[in-house]
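In what follows, residues are counted from 1 in the order of the sequence shown.
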Amino acid sequence: MSNKLNMSNRLNMSNSPNSPSSTNAFTQASNSSTIAVIGGWVEAAGNIVAAIGSTPTNRLSDSMQTDLNIIGNALQAVGSVLSINNGAITLDELGDILQSVGNVTVIAGILNQNETASERLEMVGNELQLVGSGLSLDLQDNLTFSQSLDNIGNIIQIIGVTMQIYANPNTEEGVQANAIGSWTQAVGSVISALASDNNN
């Protein structure tokens, strides 16, 4: 997930700094930036909750781990939606949309009673998140520290999601690889949230 690090640059600079339209634009951009920061931390929290649910442990029942995965993915979906700007759709916003849809698809997979369909839905959901993270990368020159940090967070998330996609859920090694991938994704989302905080 990439947070909106250039929100203030979207203001209409042709307006006078003291004009009502300029003030309204600044207020809207500030509010959107604040919501994006909140969205980043909601998504980060969701990734951590999902990672806990994906970690093999005897301390949590299977049903509790399933519930944590559902809650975690729901929080990620909400966080991605909060990060979407109300203006024109950019690759960054499209990335957030795909990640949100991916999380919802993962939830559908978890709830599906058919094992084959469940695994397929979860894989598709992770693939959508992978594409979303890729679209959120900022490839322009002369990046700020916050933009570079956000890119690092997104790259780490891409690595984590890729591990989850290729992890075989039917083997012990696959379950462990999925857990590692989930925690890797969580680390990346926290870094992206910190990048948004730093920019704000």
Side-chain angles (χ1 to χ4, degrees), residues 1-10 29-55 68-69 71-85 90-106 122 125-167 176-200:
M1 172 265 173
S2 175
N3 296 296
K4 306 300 167 285
L5 303 180
N6 292 315
M7 194 68 67
S8 60
N9 295 331
R10 297 176 181 175
S30 178
N31 290 339
S32 296
S33 180
T34 300
I35 292 173
V37 171
I38 294 172
W41 283 110
V42 169
E43 183 175 1
N47 272 290
I48 292 172
V49 171
I52 294 173
S54 298
T55 304
L68 287 173
N69 267 301
I71 293 170
N73 277 281
L75 287 172
Q76 291 175 59
V78 171
S80 293
V81 170
L82 290 175
S83 298
I84 298 172
N85 183 34
T90 63
L91 285 178
D92 194 16
E93 274 96 32
L94 180 58
D96 287 329
I97 292 171
L98 286 177
Q99 290 187 71
S100 183
V101 173
N103 289 123
V104 173
T105 305
V106 169
E122 289 189 53
N126 283 325
E127 289 170 346
L128 288 171
Q129 292 180 65
L130 177 64
V131 174
S133 294
L135 289 176
S136 295
L137 289 173
D138 195 336
L139 303 179
Q140 66 179 339
D141 296 328
N142 302 317
L143 297 177
T144 65
F145 172 76
S146 295
Q147 291 168 330
S148 298
L149 190 62
D150 190 40
N151 271 353
I152 292 172
N154 278 301
I155 291 171
I156 292 175
Q157 289 185 70
I158 288 172
I159 294 171
V161 176
T162 301
M163 292 179 67
Q164 293 174 69
I165 290 173
Y166 288 102
Q176 292 175 347
N178 181 71
I180 294 172
S182 188
W183 279 108
T184 301
Q185 184 182 3
V187 170
S189 66
V190 170
I191 291 175
S192 286
L194 288 171
S196 183
D197 257 350
N198 182 77
N199 184 73
N200 201 49

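In terms of heavy atoms, A177 sits closest to A167 at CB-CB, 4.0 Å. Summarising the geometry of A51 relative to S182, their closest heavy-atom pair is CA-OG, 3.1 Å, with the distance given to 0.1 Å. Contact detail for Q157 and S133: the closest heavy-atom pair is CB-OG, 4.1 Å. Across all non-hydrogen atoms, the minimal contact from G181 to M163 is CA-CB, 3.8 Å. Between S148 and L143, the closest heavy-atom pair is OG-CB, 3.6 Å. When all heavy atoms of I156 and T184 are compared, the closest pair comes out as CG2-O, 3.2 Å.
The shortest side-chain heavy-atom distance between I191 and V187 falls under the 4.5 Å cut-off. A 4.5 Å side-chain heavy-atom check between D96 and V81 finds every atom pair outside the cut-off.
Here the side chain of N47 pairs a donor or acceptor atom with the backbone of E43 at under 3.5 angstrom. Within the 3.5 Å criterion, the main-chain N or O of D138 finds a donor-acceptor partner in the side chain of N151. A distance-only check finds no donor-acceptor pair linking the side chain of S196 to the backbone of A193 [under 3.5 Å]. Judged by distance alone, the side chain of E93 and the main-chain N or O of T90 form a donor-acceptor pair under 3.5 Å.
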(request) Would you sort out whether L194 and W41 count as a side-chain contact (heavy atoms from CB on, under 4.5 Å), showing the intermediate values? (result) CA-CA 8 Å; L194 288 171; W41 283 110; 3.7 Å; yes

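Once rounded to the nearest 0.5 Å, the distance linking CD of Q99 with CG of L130 reads 9.5 Å. For the atom pair D197 CG and S192 OG, the distance stands at 11.5 Å (nearest 0.5 Å). Separating the CG atom in L139 from the CD atom in Q147 is a distance of 11.5 Å, to the nearest 0.5 Å. If you take CG on D92 and CG on N154, they are separated by 8.0 Å, rounding to the nearest 0.5 Å.
Taking N178 as the reference, nothing meets the side chain to side chain donor-acceptor pair (under 3.5 Å) condition, with sequence neighbours excluded. Taking the side chain to side chain contact (heavy atoms under 4.5 Å, CB included) definition, one finds that I155 meets it with L137, I159, sequence neighbours left out. Scanning for side chain to side chain donor-acceptor pair (under 3.5 Å) contacts around N69 gives S54, with sequence neighbours left out. Applying the side chain to side chain contact (heavy atoms under 4.5 Å, CB included) test to Y166 and every residue at least two apart in sequence or in another chain returns T162. A77 pairs by the side chain to side chain contact (heavy atoms under 4.5 Å, CB included) definition with S100, N103, V104, not counting sequence neighbours. Partners of L128 by side chain to side chain contact (heavy atoms under 4.5 Å, CB included), not counting sequence neighbours, listed by chain and number: L98, V101, T105, V124.
Looking only at atom types and distance, the side chain of W183 has a donor-acceptor partner in the side chain of T55 under 3.5 Å away. A side-chain donor-acceptor contact under 3.5 Å links Q129 and Q185.
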